[in-house]
Amino acid sequence: MGKPPGLYAPLVRETIADLYRNPPLEERLTVKGWVRTRRTTRKVSFVELQDGSTLKALQVVLPHEGISAERIEKELHTGAGLAVWGTLKATPDRPQPFELVAEGYELYGPADPETYPLQKKAHSLEFLREIAHLRARTRTFQAVFRIRSGVSFAIHQYFQERGFVYVHTPILTPSDCEGAGQLFQVTTLPLQNVPKHPDGRVAYEEDFFKRPAYLTVSGQLEGEMLAMGLSKIYTFGPTFRAEPSHTPRHLAEFWMIEPEMAFYDLAMTMDLAEDFLKYLIRHTLRHFAEELAFLTERYEPSLLAELENTKESAFLRLSYTEAIEILQKSGKNFQFSTEWGSDLQAEHERYLVEEYAQRPVIVYNYPKAIKAFYMRENEDGRTVAAFDVLFPRIGEIIGGSQREERYDKLLQRMQEVGLDLFAYEHYLDLRRYGSVPHSGFGLGLERLLLFLTGMTNVRDVIPFFRTTDQMA
RNA sequence: GCCCGCUUAGCUCAGCGGUUAGAGCAUCUGGCUGUUAACCAGAGGGUCGCAGGUUCGAAUCCUGCAGCGGGCGCCA
């Protein structure tokens, strides 16, 4: 065995990605990684080494005269972690541009082939969900998680370049944002023996916050408070919903991006949303060509073409009323109503995006009755300045609105839907003092990633998923 | 929450009332003059998700349960 001699120590190029960027041919170096596959012939063995820095592997040649075949066969199985040293040689007549001719290696950790679940063959995504702690060893998840990292960076970059302030809104909150959506309650009260008043009410004065507390379902209300001083802000953090939704598009814990802008009206906000999405697509195409090529070949043949197409096309904007007319004239037999006033269902959205427009669609000015209390009422008195961005394959990817900045209108609306006004005093204060027009939207990171990676289940674009009944 | 489907070897699957349940890959053994998810030969590996029922006979049909997946609703 033995450690690499001292002359190898100062390594300039450590990762396999570095080797491909600028191959130090004929140099002696050490590379560290995990075995993807091994092939053995009479005189030499070949190991494909991966280290997660690129989807490409480094071919390592292990001559049996230097390293015994028995040791290689015993130790170097798929999944084993090791350091290997030798000389990088060009191989112009082989599929790969170069290979490492090894002088020795040190095994860090073996992977017993009898029990190690991953093989050099492809596995189903469903199987990999059962071993989420090992998924990062597959190229698929390396590609997906690297794109997730890159697009997260691009989100910050986009807003920072445009003067938005990144604000951290609380994860623990005293109330529900929209009076809807199911909350995870957070408590330090003992569940086996909850202290109660004589009349049966929970004695919250004994709880940690001396009142009920929940995990946030949205940072929007706090985002508005900060935008009313900083003008343009955005949030980017985890969000929690205790909805028992069992679909490939819902998570109990997911990441949301919520910009909020003072002095923006609905049209400006729709422009921002469209520009933002195209920026993220362009960034991903520019920086993750290798990953996108892999995912296109492996999972979604139309992925690359769809990204290219979307980044060029102007999103089709339809008012809700226009959308309803289009649906009514479509000649389609929809399961759900297309009467004015009914909400657009998945089948309607799919028709608008995939058949009618064949590109992303923004629907705006929805009926007041089917939207949240904080959305700004339009002049017609029956619609609100809300919009949804609908994408092919995904459906709704962004939901946003201009907020109701008029105190009387907001108060009236809150009373109509029966909100506890006391809990929203601070929110109402924003309308009492220096209230100005403002708007914002929410983008679900995982849904965006479905579009960017060609994956079809949000459980496959977040490292450890939480859904009803499941914690990976 | 409602509806549908699937569950057979470590993995991906075939078998769909009739001998002792199969294939590819993986594993192990042997071979191969440098392989490209190498190749060639051989071997081991299964209470056919669990429980009950129908039948001369059940992996196969029925019922219940569980796990997983999908559609719808809700949304991001």
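In what follows, every heavy atom counts, from backbone to side chain, and hydrogens, waters and symmetry copies are set aside. Just so we're on the same page: letters track the sequence lines, and every chain starts at 1.
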What's [X] touching, base or sugar-phosphate or nothing? Going by heavy atoms closer than 4.0 Å.
X         : value
Ile397(A) : sugar-phosphate
Leu251(A) : base
Tyr116(A) : nothing
His250(A) : base

Discussion item. For Gln335(A), is there any backbone N or O sitting under 3.5 Å from a side-chain donor or acceptor partner on Glu347(A)?
Written reply: yes
Worksheet item: Is Glu446(A) reaching over with its side chain to a backbone N or O of Trp255(A), donor-acceptor style, under 3.5 angstrom?
Response: yes
Worksheet entry | Phe391(A) side, atom CZ; Arg359(A) side, atom CZ - distance, nearest 0.5 Å | 12.5 Å
Response to the item:
With sequence neighbours left out, the residues meeting side-chain contact (heavy atoms from CB on, under 4.5 Å) with Glu297(A) are none
Worksheet item: Residues in side-chain contact (heavy atoms from CB on, under 4.5 Å) with Pro301(A), at least two apart?
Response: none
Is there any protein nitrogen or oxygen under 3.5 Å from a nitrogen or oxygen in nucleotides 67-70 of chain B, and what are the pairs?
unit_1	atom_1	unit_2	atom_2	d
C68(B)	OP1	Gln470(A)	NE2	2.9
G69(B)	OP1	Arg129(A)	NH1	3.2
G70(B)	OP1	Asn457(A)	ND2	2.9
G70(B)	OP2	Asn457(A)	ND2	3.3

Rounded to whole angstroms, how far apart are [atom1] on [X] and [atom2] on [N]?
X         : N      : atom1 : atom2 : value
Asp343(A) : C75(B) : CG    : P     : 6 Å
Arg241(A) : A76(B) : CZ    : P     : 5 Å
Tyr351(A) : C72(B) : OH    : P     : 18 Å

Discussion item. Taking only side-chain N and O atoms of Gln182(A), does any of them lie within less than 4.0 angstrom of OP1 or OP2 on C75(B)?
Written reply: no
Worksheet item: Closer to the 5' end of RNA chain B via nearest nucleotide, is it Pro244(A) or Ala252(A)?
Response: Pro244(A)
Under 3.5 Å, which N/O atoms of the protein pair with N/O atoms of nucleotides 40-48 of chain B?
none

Worksheet entry | Distance-only polar pair, side chains of Glu27(A) and Thr87(A), donor-acceptor under 3.5 Å | no
Discussion item. More than 12 heavy atoms of other residues, nucleotides or ligands under 6.0 Å from CZ of Phe184(A): yes or no?
Written reply: yes
Fill in: Residues in ring pair (Phe, Tyr, Trp, His ring centres under 6.0 Å) contact with Tyr20(A), at least two apart in sequence or another chain
Phe98(A)
Can you name the atoms? Protein N/O to nucleotides 32-37 of chain B N/O, anything below 3.5 Å, with the distance.
unit_1	atom_1	unit_2	atom_2	d
C32(B)	OP1	Arg42(A)	NH1	3.3
C32(B)	OP2	Arg42(A)	NH1	2.8
G34(B)	O2'	Arg94(A)	NH2	3.4
G34(B)	N1	Glu99(A)	OE2	2.9
G34(B)	N2	Glu99(A)	OE1	2.5
G34(B)	N2	Glu99(A)	OE2	2.9
U35(B)	O2'	Arg39(A)	NE	3.3
U35(B)	O2	Arg39(A)	NE	2.6
U35(B)	O2	Arg39(A)	NH2	3.0
U35(B)	N3	Gln59(A)	OE1	3.0
U35(B)	N3	Gln59(A)	NE2	3.0
U35(B)	O4	Gln59(A)	NE2	2.5
U35(B)	O4	Gln96(A)	NE2	3.4
U36(B)	O2	Gln96(A)	OE1	3.3
U36(B)	N3	Gln96(A)	OE1	3.1
A37(B)	N1	Ala122(A)	N	2.8
A37(B)	N3	Lys120(A)	O	2.6

Worksheet item: What orientation do Tyr424(A) and Phe373(A) show, parallel under 30°, tilted 30 to 60°, or perpendicular over 60°?
Response: perpendicular
